[in-house]
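What follows is a single structure, written as structure tokens, with notes after it.
Throughout, protein chains are lettered first and strands after them, A, B, ... in sequence-line order, and every chain is numbered starting at 1.
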Amino acid sequence: MNQELVIEQKIIGDMIVLRPAGDIDMARSSAIRKAVTEVVRTRPAKLVIDLTAVDYMDSSGIATMIEALQSSMRNKMKFVLVGVGPKVRSAFEITKLVGMFTICDTVEEAAK
Amino acid sequence: MNQELVIEQKIIGDMIVLRPAGDIDMARSSAIRKAVTEVVRTRPAKLVIDLTAVDYMDSSGIATMIEALQSSMRNKMKFVLVGVGPKVRSAFEITKLVGMFTICDTVEEAAK
Amino acid sequence: MVIESMERNPEISIRLFSDPHLLSTIRSTVEGLAKVVGFSEKSRGLLMLAIDEALANVIRHGYDGRTDEMIWVHLWRVREPRGIRIIIEDLGRSVAPEKIKGRDLSDVKPGGLGVHIIKETMNESCWEQRPEGGMRLTLVKWLSPEELQNVTPTKPENTFP
Amino acid sequence: MVIESMERNPEISIRLFSDPHLLSTIRSTVEGLAKVVGFSEKSRGLLMLAIDEALANVIRHGYDGRTDEMIWVHLWRVREPRGIRIIIEDLGRSVAPEKIKGRDLSDVKPGGLGVHIIKETMNESCWEQRPEGGMRLTLVKWLSPEELQNVTPTKPENTFP
Ligand SMILES: Nc1ncnc2c1ncn2[C@@H]1O[C@H](COP(=O)(O)OP(=O)(O)O)[C@@H](O)[C@H]1O
Ligand SMILES: Nc1ncnc2c1ncn2[C@@H]1O[C@H](COP(=O)(O)OP(=O)(O)O)[C@@H](O)[C@H]1O
């Protein structure tokens, strides 16, 4: 009955890009959490989450990003956020977490 | 207590451009109606309403545009709409009125 | 069980004052729920227009423009066919439903467009006189076949191989 | 008279089911009203976040994730100082207000951010135990001096010479 989060996955060399589209909130963060877990299992060198199509993220989304960062570190993978719009950025800022993450403007930049 | 419609007015030669910013609905269409009446009183050769900053318009807004068109015709003025976005356009379309109006993409085009 | 009771109780019920300045807020609410259901941007714009016209009519005709009266808006996601149901209730002037009709559009003049917009936008629009006084308007809109196709499958994990 | 009574009765009252899928709709409602009041896009984003976190906490902690319980959200435009007031009420678990606190952010871990976001965003945030059971959260946010400056003057005709 509800439009769920659509998550595209792209493999570029040894990097995997996840591109969720829609708001990431309590009802939808489990979808991205599940996707991250699957990707980490395959141990790419780099995990990129492209948030270009995410207009809104709440603390459950931020928690998922922290989990993704931490499990990337445990698995010696690089973790990069891309396409962080103003609303999502201010959610990271208000939780004083913006400095924790590597943030790039584009996927191309993240690939470097 | 409410953010009212802001209407900018610009005089370009013998043309007057009104540029409302915000939603035009029951609470706010009287502001644009008043502005149109003032402009028609000065009888410019052309009245342009630039809707670029109008994201939404209801039937009271459309009624105002019809009034503006009709009083322009009575006063032998040209009347042009500019910057009609998708939401506003579909309001004109559903009332089968889109063909009534001269619609240009930009103010420059309307000036021709 | 839960689903059945949700079909009966509105999932979201709103009570608002008949103040035109509040209509933009209710439009946003309907837009928000329509997005969850899967309506396209274009359909959401038309839905906003329909609810706006319906509420404006309650204020204008039901309450003669008074801004301190009450309006109730009830919202449901609908499962089969997938869509949205909206009920608007007031305690204003009660008129015979057959008197509420859109005018002939070939006669170009300001006003008299609201009912036309509502009927054109919605799959169902039905005015009733409430026994308690005032009017009840029931509005239903379904996803178009195209919108249905673009809706995510029920199991989102399927999208992730 | 009208103004006084509007200060007491919520201008918009919403009753919703405790379904996480409905939270985006309530965010839209609050965004809509905040726009009418004159909040900037950035402030509106933070207000959406605050109301979202508050409602998510009611569902998660008050109702243990049950989706068929009731939540009430009451909204007011506030005149002096200009801003918005939101009251959220539930009938879920009632906890001592002093137990509701944000965690130390220097310890980076998932979770425990909601209360911090709410307190940081709002000028007032006050949790109470309701005598009828459940919790009441009162939230107030005022326009910043900058937002106040950008608000249209009370008489819009002044902008039109
Ligand atoms: N909620 C209502 N209560 C009473 N009468 C209504 C209501 N809605 C519509 N009407 C009647 O239907 C007519 C057509 O409405 P509408 O198409 O919106 O045009 P307008 O409001 O510009 O007259 C109105 O003039 C009014 O007589
Ligand atoms: N509405 C509520 N009812 C009961 N307890 C609450 C409520 N809101 C918050 N709390 C308590 O405050 C704590 C902090 O909440 P929060 O900062 O949102 O983090 P999280 O929800 O991730 O634990 C919660 O763990 C809970 O114990």
Under the side chain to side chain contact (heavy atoms under 4.5 Å, CB included) rule, what do D:Ile117 and D:Val115 come out as? Steps first, then yes or no, please.
CA-CA 5 Å; D:Ile117 290 173; D:Val115 169; over 6 Å; no

Go through the steps for A:Leu47 and A:Val80 under the test side chain to side chain contact (heavy atoms under 4.5 Å, CB included), then give the verdict.
CA-CA 6 Å; A:Leu47 166 57; A:Val80 183; over 6 Å; no

Would you check, one step at a time, whether the test side chain to side chain contact (heavy atoms under 4.5 Å, CB included) holds for A:Met65 with A:Ile32?
CA-CA 9 Å; A:Met65 295 305 129; A:Ile32 177 80; 4.2 Å; yes

Tell me, with the steps shown, if D:Ile86 and D:Leu137 meet side chain to side chain contact (heavy atoms under 4.5 Å, CB included).
CA-CA 8 Å; D:Ile86 304 169; D:Leu137 168 56; over 6 Å; no

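The structure places CD1 of D:Ile59 at 5.0 Å from CE of A:Met26, a figure rounded to the nearest 0.5 Å. Taking CG of D:Leu55 as the start and CG of D:Leu16 as the end, the distance is 6.5 Å to the nearest 0.5 Å. Atom-to-atom distance recorded for D:Leu139:CG and D:Leu47:CG is 9.0 Å, nearest 0.5 angstrom.
Heavy-atom distances place both the backbone and the side chain of D:Leu49 under 4.5 Å from chain A. In this structure, chain D has a heavy atom under 4.5 Å from the side chain of A:Leu97, while its backbone stays farther away.
Heavy-atom minimum distance, A:Ala91 versus A:Ile62: O-CD1, 3.4 Å.
Listed by first and then second residue, the salt bridge (Lys or Arg N to Asp or Glu O under 4.0 Å) pairs that reach into residues 41-50 of chain A are A:Arg19-A:Asp50, sequence neighbours excluded.
Inspection of non-hydrogen atoms places A:Met100 of residues 98-107 of chain A under 4.5 Å from chain D.
Side-chain contact check for A:Val17 versus A:Ile49: every heavy-atom pair is 4.5 Å or farther apart.
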Which side chain or backbone donor-acceptor pairs connect chain A with chain D at less than 3.5 Å?
from, atom 1, to, atom 2, distance (Å)
A:Asn2, ND2, D:His21, ND1, 3.2
A:Asp23, OD2, D:Arg27, NH2, 2.9
A:Asp25, OD2, D:Arg27, NH1, 2.9
A:Asp25, OD2, D:Arg27, NH2, 3.2
A:Tyr56, OH, D:Asp52, OD2, 2.6
A:Ser59, N, D:Glu53, OE2, 2.6
A:Ser59, OG, D:Glu53, OE1, 2.6
A:Ser59, OG, D:Glu53, OE2, 3.1
A:Gln70, NE2, D:Val108, O, 3.3
A:Ile94, O, D:His116, NE2, 3.1

